[in-house]
Trainee: 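Take this structure first; my questions come after.
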Protein chains: 2
Amino acid sequence: MDGKSVAGRIHDLNDQLTASGRKAARGLLGNYPLLGLAPVAEFAEAAGVSAASIVRFVAQLGFRSYPEFQRALRDELEQRSKSPLQRGAAPEGEPSDGAFLARYLHQAQTRLADTLRHIPESEFEAVAMRLASGKGACYMMGGRFTDFLAGYFEAHMRVIRPGLRRFDGRPATRADQLLDVRAGDMAILFDVRRYDPAVADVAAVLARHRVDIVLITDEWLSPAARHARYVLPCHTQTGRAWDANGALFGVVEALIARVTEQSWSTASKRMRAVEDL
Amino acid sequence: MDGKSVAGRIHDLNDQLTASGRKAARGLLGNYPLLGLAPVAEFAEAAGVSAASIVRFVAQLGFRSYPEFQRALRDELEQRSKSPLQRGAAPEGEPSDGAFLARYLHQAQTRLADTLRHIPESEFEAVAMRLASGKGACYMMGGRFTDFLAGYFEAHMRVIRPGLRRFDGRPATRADQLLDVRAGDMAILFDVRRYDPAVADVAAVLARHRVDIVLITDEWLSPAARHARYVLPCHTQTGRAWDANGALFGVVEALIARVTEQSWSTASKRMRAVEDL
DNA sequence: TAACTTCTGTAACAGTAGTTGCATAAGCGC
DNA sequence: GCGCTTATGCAACTACTGTTACAGAAGTTA
């Protein structure tokens, strides 16, 4: 369908609508767009017209069917919550007075809270436990920006347990690196929007070798999710040019803290050994 | 139905869910609540499971039918749109029992808030402006763990402006790298507790060459602070084995966002150029 | 490894939602 | 006021959606 919003179309066609069409329009706009997501009968009831009139109204708006109309509404809703990326610099509506940092950090807090709501404690705990067990090798990999998170994570985990390996960025050497992967090993992959195909590829290979994959990704889920045993989705949306990976960082630090705590008896020894060097 | 939100129910039942149930949950939470308003087949496709599994998932959540589940989602949406203030308000946390991730992320939010209180907006703004000006070279360096933050920062800034350089970890090559530092250049240094002597050393040298130093450090201030022109102190204290660098990460992302915004006219061109490769 | 349990997808089923033809009612011009 | 046009609701129809039984896969335990 063309790019116009449903509300826009109603506005355009307003004077061409029939009497019952206008009732339908008024009903929909009065409770937009939710009423349109209800079944026809309910929409009709709420607007005070017959179901058939709703269907005709929807047809007049240029939709081939009621489901198609609903799909458009859902897309619109999704769009509204996702897209201002293209808009460029600052998100609209925000006053650009002096308090940039305050606003940004406040939003960062919200992203953490949202993330918390989306990651089940049990999933987090299972990942931590698996890491703390120290069994098998543990591979790490990230994408363009998240690779630094992988590095940060690895630098800490190395102190806590053995068997850490990080896939470097060069595709050429990847085959070598995958060479002695064994069933029962685990891998921690980072992948956020503008998903890196390399991550999904590696995930597929690892899954085939029966490696347990932990995927740390954004709220829209990397395609690698289909291969993952554990998925930790973090909120990254900012409405700005760059998404924010602060929530991923938070989860990484939480994992570091939890794993350290769980394997304290062995971890503390290793930490002391590092000190002594 | 009882008053719990669908997301809340998922959260509660998570560890009782089957594997495909969890996939469904992830899919839904990742695109909440829109995916649930789609027909079963579409939901199933998006979540990567069969339609039947979606139906079972919905049943597990306590709904008598898929339509009833959809009705609940719509009601929720309506509810939310009626009181827009409710959600954005304060970063509310969970109770401080048992739930490790909840506690940790809640503390992370507090660290962000504390950091905000300690960094003057004017200082932040000055740094952003200086970076956005694009004049002179900009050097970056971090310590044992914070080096990854430097890397993350650099990877973004490279897209926005030219003249980025990162000091690598090897002391041997450092002298070379310092060779063509010029007065008026700037440097961004990261240094947190267990302060890295190398950072302080480099800071001293840079200061002597009249390079403007931005220091991103913790609340106890790295010794490099004496050489810095701008200091951004971040809260890192956790009371655990490891301090947390999440607040530094937050400030870095805020800087990235601010600088991108300030230099949007040139930055957007560079970003597009990168895309085209 | 084998037996058992649990989960998952396929495919047939049933019900309901959306659609449409038709008769009637409402509006409009003559 | 009469006849024509257009719009509306009812009710039958169709198609698709949600549901469920079943068989096989996956995972678990002994």
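Residue numbers start from 1 in every chain, and the chains themselves are labelled A, B, ... in the order their sequence lines are given, proteins ahead of strands. Basis for what follows: all heavy atoms, side chains included, without hydrogens, waters or symmetry-related copies.
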Trainee: Are A/Thr266 and A/Ser263 linked by a side-chain donor-acceptor pair shorter than 3.5 Å?
Mentor: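 There is no such pair between these side chains.
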
Trainee: Can you list the residues that meet the ring-ring contact (aromatic ring centres under 6.0 Å, His included) rule with A/Phe57, with sequence neighbours excluded?
Mentor: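 By the ring-ring contact (aromatic ring centres under 6.0 Å, His included) rule, A/Phe57 matches no residue at all.
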
Trainee: Give a yes/no verdict on a cation-pi contact between A/Arg64 and A/Phe69, requiring under 6.0 Å between NZ or CZ and the six-membered ring centre and an angle within 45° of the axis.
Mentor: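 No cation-pi geometry.
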
Trainee: Extract, from 5' to 3' on DNA chain C, the first and final nucleotides lying under 4.0 angstrom from some heavy atom of chain A.
Mentor: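 It runs C/dG18 to C/dG21.
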
Trainee: Quiz question: by atom type and distance under 3.5 Å, do the side chains of B/Glu253 and A/Gln107 form a donor-acceptor pair?
Mentor: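 The answer is no; no qualifying pair exists.
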
Trainee: Please check if the distance between the ring centroids of B/Tyr152 and B/Phe249 is under 6.0 Å.
Mentor: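 B/Tyr152 vs B/Phe249: aromatic centres under 6.0 Å.
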
Trainee: Under 4.0 Å between a side-chain nitrogen and a carboxylate oxygen: does that hold for A/Asp243 and A/Arg193?
Mentor: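 Salt bridge present between A/Asp243 and A/Arg193.
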
Trainee: With a 4.0 Å cut-off, would you call A/Arg165 and A/Glu154 a salt bridge?
Mentor: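 No, this pair does not count.
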
Trainee: So, does A/Ser53 get its side chain near the phosphate of D/dA7, meaning an N or O under 4.0 Å from OP1 or OP2?
Mentor: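 Answer no for this pair, as no side-chain N or O of A/Ser53 is under 4.0 Å from OP1 or OP2.
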
Trainee: Determine whether the aromatic ring centres of residues A/Trp220 and A/Tyr195 are separated by less than 6.0 angstrom.
Mentor: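 Between A/Tyr195 and A/Trp220, the centre distance exceeds or equals 6.0 Å.
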
Trainee: Counting primed atoms plus P, OP1 and OP2 as sugar-phosphate and everything else as base, spell out the protein contacts along nucleotides 13-30 of chain D at 4.0 Å heavy-atom distance: B, S or - for each nucleotide, 5' to 3'.
Mentor: -----SBBB---------

